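Have a look at the structure below before the remarks.
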2 protein chains.
Amino acid sequence: MRAMTVVAMREEQGPVPLRLVAEMEAISAQYLEQIFMDLRRAKLVNGQRGAKGGYTLTRPAETITAGDVVRAVEGPIKLVDCDHDGGCLRVHVCATRELWNKVSESMRQVMDGATLLDLATWARAKN
Amino acid sequence: MRAMTVVAMREEQGPVPLRLVAEMEAISAQYLEQIFMDLRRAKLVNGQRGAKGGYTLTRPAETITAGDVVRAVEGPIKLVDCDHDGGCLRVHVCATRELWNKVSESMRQVMDGATLLDLATWARAKN
DNA sequence: AGCATATCCGACAAATTTACTCGGGATTAC
DNA sequence: GTAATCCCGAGTAAATTTGTCGGATATGCT
């Protein structure tokens, strides 16, 4: 999320190289590469190779939500993995699952309610 | 949570022994012991020793929230551990932290909005 | 008193997930 | 052609979660 915020803040000055993000956020470049791989596969960023290369967003910052970013790197936003839709053997499991589903839903709502533009704006406000 | 739901559903018939919960929910008794230890230390249950012993809730089921249970066994409900309240060195960290705090808050709201009575009721409805 | 049924407790071990590293290949601007 | 940069698979380390082991202590019942 920090990496994407940096990209959102600086992409108008051209592609943002991974090395810059690594320095700004004190994250190892090699670890970041992995993360950008996920982001690229989820089509949230374009990677431009070669000198003067770097990453840019595939869409305007206000159309990419925090939820999109989380889903790209961590998969579906949910607290439980249960495919028995309906007839659970253990009844109490299902009762608690209903709770976890509600929690997951509210997490998604909050995360999908904040865009990269919001994050960039908040970040600038902190300066 | 499943264990607490079972206790809430059955405590009116006297203390609920751990062994019963273990069987009903297919959780090893030894692992459950650890969990009940946390619940007891958080004063959510009373453990009565000896024959005919078991666990009972310390308060009415409608006054214990799912959030209480989660906090008892897993600690504070939050996505980030950050004590720099205010002046973060890395600006973007703080911007994302604002997001994580909002998510955490909404999780707490949902979890504190459901009581053990609710869970027990949902569980009964599934039968 | 003796025994079966229980909770209590500390320490340890296995499994899973998350975080991170390594080494090299491919592309592009200048 | 060379420096900068992304691309990629495989492997390692750290942290967390989940679970086990062995025994001590308390209680109700006969």
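This one's a predicted model, so the numbers in the text were calculated from it and none came from an experiment. Proteins get letters first, then strands, A, B, ... in listed order; numbering begins at 1 in each.
With a cutoff of under 4.0 Å to any heavy atom of chain B, the contacted region of DNA chain D is bounded 5' to 3' by D:dT18 to D:dG28. In the 5' to 3' direction, nucleotides of DNA chain C lying under 4.0 Å from heavy atoms of chain A begin and end at C:dA19 to C:dA29.
Nearer to the 5' terminus of DNA chain D, by closest-nucleotide assignment, is the contact made by A:P17 (compared with the other of A:P17 and B:E74).
We find that A:R108 and A:E105 are joined by a salt bridge, their nearest charged nitrogen and carboxylate oxygen being less than 4.0 Å apart. We find that B:R71 and B:D112 are joined by a salt bridge, their nearest charged nitrogen and carboxylate oxygen being less than 4.0 Å apart. Note on A:E23 versus A:R19: salt bridge recorded, some NZ/NE/NH1/NH2 to OD/OE distance being below 4.0 Å.
Between B:M111 and B:I77 there is a side-chain heavy-atom pair separated by less than 4.5 Å. Between B:L44 and B:F36 the shortest side-chain heavy-atom distance does not fall below 4.5 Å. By the 4.5 Å heavy-atom criterion applied to side chains, A:T5 and B:T96 are counted as neighbours.
Put simply, A:M24 and A:M1 are part of the same group of oily side chains (I, L, V, M, F, W, Y) that touch within less than 4.5 Å, one to the next. B:L117 and B:W122 fall into different hydrophobic clusters, where Ile, Leu, Val, Met, Phe, Trp and Tyr side chains are chained together by heavy-atom contacts under 4.5 Å. Both B:L116 and B:L32 belong to a common hydrophobic cluster when Ile, Leu, Val, Met, Phe, Trp and Tyr are linked at side-chain heavy-atom distances under 4.5 angstrom.
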Practice prompt. Just do the side chain to side chain contact (heavy atoms under 4.5 Å, CB included) check on B:V21 and B:I27 with the steps written out, would you?
Written response: CA-CA 8 Å; B:V21 180; B:I27 304 172; 5.8 Å; no
Worksheet entry | From CA spacing to verdict: side chain to side chain contact (heavy atoms under 4.5 Å, CB included), A:L39, A:V69 | CA-CA 7 Å; A:L39 293 170; A:V69 177; 4.2 Å; yes
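A heavy-atom distance below 4.0 Å to DNA chain C is reached by these residues of residues 47-56 of chain B, ordered by number: B:G47, B:Q48, B:R49, B:G50, B:A51, B:G54, B:Y55. Sorted by residue number, the members of residues 27-39 of chain B with any non-hydrogen atom under 4.0 Å from DNA chain C read B:E33, B:Q34, B:M37.
For the helix from C:dA1-D:dT30 to C:dC30-D:dG1, the axis fitted to the five pairs at one end and the axis fitted to the five pairs at the other end meet at an angle of 10° (nearest 10 degrees).
Looking only at distances, no side-chain donor or acceptor of A:T65 sits under 3.5 Å from a matching main-chain atom of A:T115. Using a distance-only test at 3.5 Å, with no hydrogens or angles considered, a donor-acceptor pair links the side chain of B:S104 to the main chain of B:L79. Under the 3.5 Å distance criterion, the side-chain polar atoms of B:T63 are left unmatched by any main-chain donor or acceptor of B:R59.
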Please tabulate, for side-chain N and O atoms in residues 8-18 of chain B, each donor-acceptor pair with protein atoms closer than 3.5 Å (sequence neighbours left out).
{"residue": "B:E11", "atom": "OE1", "partner": "B:L57", "partner atom": "N", "Å": "2.8"}

